[in-house]
Amino acid sequence: MLSLDLSTLQVEELDFPPIDPHELVDYDIRRKDGKIVFIEKEWKGDKAHHWLTVSEEDGRNQVRLFGLIDSRGIEYLLDELISDPTWSPNGGKIAFWYRDYKRGQDILAIINASGKNVKEVYQLKFVNGISAGSGLAWSPNGKKIAYAVNGWIWLINSDGSGEPRRLVQGYDPSWAFVPAERVERSTDRQDSIPEDIRVDTLSSGNFEATFSIDPYTTTGGEIRLALEVKNIEDKKDTIVFNSAQMYDFWVTDAQGQELWRWSADKAFAQVIQEVPLSPGQGMGFAETYNATGLSPGIYTVYARVNSSQLEGELT
């Protein structure tokens, strides 16, 4: 694997494992830091080991997240037990296909970037060894995934809920981000507002936080902010908040200067808050930011969950 510096046109060889020239290697690059997820295959005796592997952009610090072993023999060398690794929009998860020959299924799965919590989203039957699913594309808010099956594009919820929806004939789906300012608002059709814009997610362990804003202001210049914390696993767990303040929202300008913070004029008791959540259960917080008087420009809205179990900012 090589990298090309477009400013100098210099080519550099990266430190990745040797690749059989007859094999095509699936990979994807994380936008925020260039980290690469790719499929690694190695033979140990008569067994082929397939790995979903993550590394830095230069090939260092390789970590194997998920693996399968194929012991059917050398004639199956070109079979891919794992394919199409794809980073989620916020880089916290990876979607991929893997094949389970015992069950006769190709499985669409999602794994945390840390390598924990592999979750099956959908299962497809394959016939006579012919692969059923291929290609993966996340929606910008991470709530849906598009994929191709036998010449058709399908859409499914990334949490596995509901049934897939067939869209159109085609292969290799991709997803375009539509900025809010390019979308016309309909005053009489609220369902015309796209759902896949201005949403960020953060997941860690058994919990996931989702931050969203209404991409259109009201006549009063107010912007509605929403934050949801959800138990994404199949067992009950308790999220612990560091104080009576469970969350916060704030806004900065293009220079990083803070213009508003929801908690700035509030006081909170310094007591630990524990909230048990059943599987799939969530709790929501909503506030309003008054943007009246702001000059045209670029502004960033932040959200944070005040818990060591979900550390990090959402934007």
Side-chain angles (χ1 to χ4, degrees), residues 1-3 13-30 33-88 91-138 145-150 154 156 158 160 171-174 203:
M1 184 176 288
L2 308 176
S3 69
E13 182 175 339
L14 302 182
D15 184 22
F16 280 87
I19 302 298
D20 188 302
H22 297 92
E23 295 187 51
L24 296 176
V25 178
D26 291 341
Y27 71 95
D28 191 28
I29 300 174
R30 188 158 68 176
D33 58 7
K35 186 166 287 191
I36 299 175
V37 59
F38 63 99
I39 305 303
E40 180 185 357
K41 184 189 291 187
E42 64 174 348
W43 278 86
K44 294 182 178 180
D46 61 348
K47 296 181 180 180
H49 291 240
H50 301 244
W51 300 96
L52 180 72
T53 303
V54 170
S55 78
E56 303 298 331
E57 58 184 352
D58 59 1
R60 295 179 297 108
N61 301 327
Q62 295 179 20
V63 178
R64 291 169 171 172
L65 304 185
F66 178 84
L68 294 172
I69 299 176
D70 191 350
S71 58
R72 295 174 302 149
I74 194 71
E75 65 270 23
Y76 295 98
L77 175 64
L78 297 181
D79 276 11
E80 300 298 336
L81 297 190
I82 309 174
S83 64
D84 299 292
T86 309
W87 290 104
S88 64
K93 298 180 181 180
I94 301 166
F96 63 99
W97 289 103
Y98 75 87
R99 171 158 290 191
D100 187 327
Y101 279 102
K102 291 183 179 180
R103 293 160 58 181
Q105 293 178 334
D106 280 342
I107 298 168
L108 171 55
I110 293 176
I111 188 172
N112 287 351
S114 63
K116 298 180 180 179
N117 300 328
V118 179
K119 180 178 181 179
E120 294 186 12
V121 176
Y122 198 63
Q123 303 84 29
L124 294 166
K125 294 287 185 181
F126 63 84
V127 181
N128 297 327
I130 299 176
S131 180
S134 66
L136 295 173
W138 292 78
I145 296 177
Y147 61 90
V149 176
N150 298 328
W154 294 74
I156 191 171
S158 60
Y171 298 90
D172 298 323
S174 184
S203 60

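- Contact detail for Ala137 and Pro173: the closest heavy-atom pair is CB-O, 3.5 Å.
- Here the closest heavy-atom approach between residue Gly34 and residue Glu57 is recorded as O-CB, 3.2 Å.
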> Passes side chain to side chain contact (heavy atoms under 4.5 Å, CB included), Asp28 versus Leu136? Steps please.
Replying inline: CA-CA 11 Å; Asp28 191 28; Leu136 295 173; over 6 Å; no

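- Taking 4.0 Å as the cut-off between side-chain N and carboxylate O, Lys35 and Glu56 count as a salt-bridged pair.
- Rounding to the nearest 0.5 angstrom, the gap separating the CG atom in Leu81 from the NZ atom in Lys41 is 7.0 Å.
- One distance of note links CH2 of Trp97 with OG of Ser83; it measures 8.0 Å at 0.5 Å rounding.
- Going from atom NZ of Lys119 over to atom OG of Ser158 covers 8.0 Å, rounded to the nearest 0.5 Å.
- With Ile111 as the fixed residue, the side-chain contact (heavy atoms from CB on, under 4.5 Å) test singles out one of Val54, Val37, Val118: Val118.
- Taking 4.5 Å as the limit, some side-chain heavy atom of Ile39 sits within range of a side-chain heavy atom of Pro85.
- The two residues Ile29 and Trp87 come nearest to each other via the heavy atoms C-CD1, 3.5 Å.
- Of all the heavy atoms in Tyr98 and Ala109, the pair that sits closest is CE2-CB, 3.8 Å.
- Using bins of under 30°, 30° to 60° and over 60° for the plane-to-plane angle, the ring pair Tyr147/Trp154 lands in the parallel bin.
- Residues Ile94 and Leu65 are in side-chain contact: their nearest non-hydrogen atoms beyond the backbone lie under 4.5 Å apart.
- Checking side-chain atoms of Thr86 against main-chain N and O of Asp84 turns up a donor-acceptor pair under 3.5 Å.
- Within the model, atoms CD1 of Ile107 and CZ of Arg99 stand 10.5 Å from one another, a figure rounded to the nearest 0.5 Å.
- The minimum heavy-atom distance linking Gly91 with Arg30 is given by the pair O-NH1, 2.8 Å.
- Rounding to the nearest 0.5 Å gives a distance of 9.5 Å between CD of Glu120 and CG of Leu108.
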